[in-house]
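Only a predicted model underlies this, so the values are computations on that prediction, with no experimental measurement involved. As the structure lists them, so they are numbered: ligands from 1, and atoms in each ligand from 1. Nothing fancy with the numbering, it's 1 onward along the sequence.
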Amino acid sequence: MDAAQIEKATHHLAAAGSLCVLTGAGMSAESGIATFRDRDGVWSKFNPAELATPEAFRRDPVRVWDWYRLRRAQLREIEPHEGHRVLAEWERWFDAVQVVTQNVDGLHTRAGSSGVIELHGRLARSRCVRCEYTIEGLDDLGPDPRCLECGQRLRPSVVWFGEWLPPGAWEAAIEAASSCDVGLVIGTSGVVQPAASLTDVILSRGLPLIEINPNTSEISGRATVSIRAGCRDVLMAIDRRLRPEST
Ligand code: OAD
């Protein structure tokens, strides 16, 4: 871990009242969930066109649900890590910490972050393809579950390729990026839009953008500070400098 970069990040954060934190799959990696585009990532083993599009679901809902059932089962086994907890703790230290996540695993909320904006939906929620009916939880709903209101298919309430973001989520994310003092971007390759463009909103306001990622990303070239290490250790290291009395 580069101590000078950690110091720079701490300096920017110490001067800030309000943070906007954009997270991606790398944030969950240290809880044991595979990322999408790393060497052993999810999309190296599975074809998104067969599992994560509305067309795939229309073609073969049982197969799509099979895959989501596995992902949901995995979620029952894992826990948020110290990095998630540091971000949640910072809500008591900063005036505001708005987490905007591309992750569908709910780990930020489980760690105690409030009002998390879930840009790509939530794995632990299913919704009707036709009406407003939704059901929360990770229970196995069976191979081809149906809506209790109208009898149409239920689907995982996540965003698939080619779909819009959940209503209101993008507006809320823009609001967070437009009202923060510092941006923090953690564990995302920065290739999926519109999520990645939130960093441009922050930079266009002349604000510092701190990246935490062991590898370079699409965002690295524009980041004010890049810390090349895993998010758990980096967040804990920054936290120790920012709030020495809390450790
Ligand atoms: P990616 O898999 O594209 O990128 C994960 C990033 O996490 C990479 O840049 C890694 O270098 C980094 N990383 C790995 N381990 C890390 C660690 N311990 N600490 C910090 N960073 C680490 O995942 P996303 O950018 O989140 O969308 O992908 C965006 C979207 O693409 C996902 O939300 C999903 C996917 O298709 C949908 O399903 C709609």
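- With sequence neighbours excluded, the residues that form a salt bridge (charged side-chain N to carboxylate O under 4.0 Å, His left out) with Glu7 are Arg241.
- The part of Val192 lying near ligand 1 is the side chain, judged by heavy-atom distances below 4.0 Å.
- Distances below 4.0 Å separate heavy atoms of Asn215 from the following atoms of ligand 1: 10 (C), 11 (O).
- Nearest protein neighbour of atom 39 (C) of ligand 1, counting heavy atoms only, is Val159 O, 3.2 Å.
- The backbone N or O of Asp139 lies less than 3.5 Å from a partner atom in the side chain of Arg72, making a donor-acceptor pair.
- Considering Gly83, Cys231, Pro214 only, the shortest heavy-atom separation from atom 21 (N) of ligand 1 involves Pro214.
- Among all protein heavy atoms, the one lying closest to atom 25 (O) of ligand 1 is Thr188 OG1, 2.6 Å.
- In this structure, Trp160 falls outside the shell of residues with a heavy atom less than 4.0 angstrom from ligand 1.
- More than 12 heavy atoms of other residues, nucleotides or ligands sit less than 6.0 Å from atom CD of Glu136.
- Side-chain contact of Glu211 with Ser217: a donor-acceptor pair under 3.5 Å is present, judged by distance alone.
- Looking only at heavy atoms of the protein, atom 13 (N) of ligand 1 is closest to Gly26 CA, 3.6 Å.
- The minimum heavy-atom distance linking Cys150 with Arg130 is given by the pair CB-NH2, 3.7 Å.
- Neither the backbone nor the side chain of Ser217 comes within 4.0 Å of ligand 1, counting heavy atoms alone.
- The nearest protein atom to atom 4 (O) of ligand 1, hydrogens excluded, is given as Ser189 N, 3.3 Å; this is a heavy-atom distance.
- Protein heavy atom closest to atom 34 (C) of ligand 1, with residue, atom name and distance, is Phe36 CE1, 3.6 Å.
- Under the 4.0 angstrom criterion for non-hydrogen atoms, Asn213 is in contact with ligand 1.
- Under the 4.0 Å criterion applied to side-chain N and carboxylate O atoms, Arg59 and Glu50 are not assigned as salt-bridge partners.
- Looking at Ser189 and Glu218, their side chains never bring a donor and an acceptor atom within 3.5 Å of each other.
- Residue Gly24 has at least one heavy-atom neighbour below 4.0 Å for each of these atoms of ligand 1: 26 (O).
- The shell of residues lying under 4.0 angstrom from ligand 1, judged by heavy atoms, includes Asp38.
- Given atom 27 (O) of ligand 1, the protein heavy atom at minimum distance is His120 ND1, 3.5 Å.
- Taking distance alone, with nitrogen or oxygen atoms compared against 3.5 Å, Ala25 approaches ligand 1 more closely than that limit.
- Close contacts between ligand 1 and Trp43 involve ligand atoms 35 (C), 36 (O) [criterion: under 4.0 Å to a heavy atom].
- Between His84 and His108, the angle of the ring planes goes over 60°, which puts this pair in the perpendicular group of the 30/60° scheme.
- Scanning all heavy atoms of the two residues, the minimum distance from Thr10 to Ile6 falls at OG1-O, 2.7 Å.
- Residues Val192 and His120 share a closest heavy-atom pair of CG1-CE1, 3.9 Å.
- Checking Gln102, Arg37, Glu30 against atom 31 (O) of ligand 1, the nearest heavy atom belongs to Arg37.
- A salt bridge links Asp200 with Arg222: the closest approach of a Lys/Arg side-chain nitrogen to an acidic carboxylate oxygen falls below 4.0 angstrom.
- Atom 6 (C) of ligand 1 has its closest protein heavy atom at Gly187 O, 3.4 Å.
- Each side-chain hydrogen bond (donor to acceptor under 3.5 Å, both in side chains) pair with one or both residues in residues 161-186, not counting sequence neighbours, appears once here: Arg155-Glu163.
- Residue-ligand proximity, Gly230 to ligand 1, at heavy-atom distances under 4.0 Å covers atoms 17 (C), 18 (N), 19 (N).
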